[in-house]
Amino acid sequence: MFKVNDNYLKLPGSYLFSTIAKKVNAFTAANPDKKIIRLGIGDVTQPLSESVISSLHIAVDEMADAKTFRGYAPDLGYEFLRNAIAENDYKMRGCEIYPDEIFVSDGAKCDSGNIQEIFAADTRIAVCDPVYPVYVDSNVMAGRCGDYDESKGTWSNVIYMPCTAENNYAPELPKETPDVIYLCFPNNPTGSAITKDELQRWVDYANKNKALIIYDAAYEAYISEGDVPHSVYECEGARTCAIELHSFSKNAGFTGVRLGYTVVPKDLKCGDVSLNSLWARRHSTKYNGAPYIVQRAGEAVYSEKGKKEIKELVAYYMKNASYILNGLKEAGYTVSGGVNAPYIWLKTPDNMTSWEFFDYLLEKANVVGTPGSGFGPSGEGYFRLTAFGNYENTVEAVDRIKRL
Ligand code: MLT
């Protein structure tokens, strides 16, 4: 008789953004005349840049010719892309990361969910609270998180590091020592950032306690302040304690194209075991690589023209972020984020719960956001708006909220 992985049965409800989509679909079906503005999921709205499109076209034509056709990609990804990443994202920032430490994938979401597979079943994880739900849910599926306490919204075997207004949405070092620490900066969902000195403390802590940091740098392109690190490898000692995740979704608008990468330095060891080798083993066994045409598109992001276009794209979304931040401030909301990240984190008014505010905003302003409690218990009473909409819709959404 077959049996299911009953860890899945422990997961409460459906994936956060699926729940939101269902609610919005139901509202739209009941109110077909209403113009809904979606500032919920962090999905981009602007088209791919010229250099990306032109690379895609060229690569498609190559696939149409037997002389230039490509089949399976190399295990770690094509060298042309890994070299461009190593050069631009690391060497130019003074970080020591080599192409054979870079694993190209179809996005940071998969990697952030899959990376837990190379750790022991009894690994104790620590997460920020609120947190991107994939880190926790993927560990729940693997049976690592213990039991769910519905009243608290927490798992018995997870160490939560509250990120609140009091600590400026930056976690404090945990009192109990975790084995694996998930950090995401600039942060999803709060939009906060940490300085290089603050990140260095985490790297020192991890090295001292033989813990490992999984550093999600998906939003690094949005950093506007000088002392905020773009990579964990800017910190001394990170090669022996950190894995880094990257996405092309948020900087280059690849949410529908799919491309990301994970860095596992060769100095990262558990006793004699190299994590780079373990991840390589996993990658080659379970994955056949991002498509050739997409990897060529990724390479184009690092061309001189591509880099300029990315800056323009990021500036476009950050103009939205400023409009939301300033508009909501004027309207009397308590808001943060939106300076080094495309997310704005606001306190719900009149002590509304996050979901109450979600319903209120959907019904009264026809604007969709993301309830903070969906990211963890410390997100209760907060709400996230994304800057990834188009400018006109963003302005209209903020103006509607101001009129409430
Ligand atoms: C979000 O809205 O938190 C992100 O878009 C989700 C993701 O990148 O998977």
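Just so you know, ligand 1 is whichever comes first in the structure, and atom 1 is the first atom listed for that ligand. In what follows, residues are counted from 1 in the order of the sequence shown.
- Contacts between Asn188 and ligand 1 below 4.0 angstrom, taking non-hydrogen atoms only, involve the side chain exclusively.
- Below 4.0 Å from some heavy atom of Ile41 lie the following atoms of ligand 1, by number and element: 2 (O), 5 (O).
- For atom 7 (C) of ligand 1, the closest non-hydrogen atom of the protein is Tyr132 OH, 3.2 Å.
- Backbone and side-chain nitrogen or oxygen atoms of Asp43 are examined, and none is located within less than 3.5 angstrom of a nitrogen or oxygen of ligand 1.
- Looking at atom 4 (C) of ligand 1, its nearest protein heavy atom turns out to be Lys250 NZ, 3.5 Å.
- Counting atoms of ligand 1 from 1 in the listed order, those under 4.0 Å from a heavy atom of Tyr343 are 1 (C), 2 (O), 3 (O), 4 (C), 5 (O).
- Screening Asp216, Leu212, Val263, Ile213 for a side chain to side chain contact (heavy atoms under 4.5 Å, CB included) with Ile243, the sole residue that qualifies is Leu212.
- Counting atoms of ligand 1 from 1 in the listed order, those under 4.0 Å from a heavy atom of Phe17 are 1 (C), 2 (O), 3 (O).
- Within the cation-pi definition used here (under 6.0 Å to the ring centroid, within 45° of the axis), Lys23 does not qualify as a partner of Phe358.
- A tilted orientation is assigned to the rings of Trp155 and Tyr148, their planes being inclined by 30° to 60°.
- Aromatic ring centroids of Tyr316 and Tyr391 lie 6.0 Å or more apart.
- Ring planes of Tyr219 and Tyr343: perpendicular class, angle over 60° (limits at 30 and 60°).
- Each of the following atoms of ligand 1 lies closer than 4.0 Å to a heavy atom of Gly42: 1 (C), 2 (O), 5 (O).
- Using the six-membered ring where Trp is involved, Tyr135 and Tyr132 have ring planes that are perpendicular, over 60° apart on the 30 and 60° scheme.
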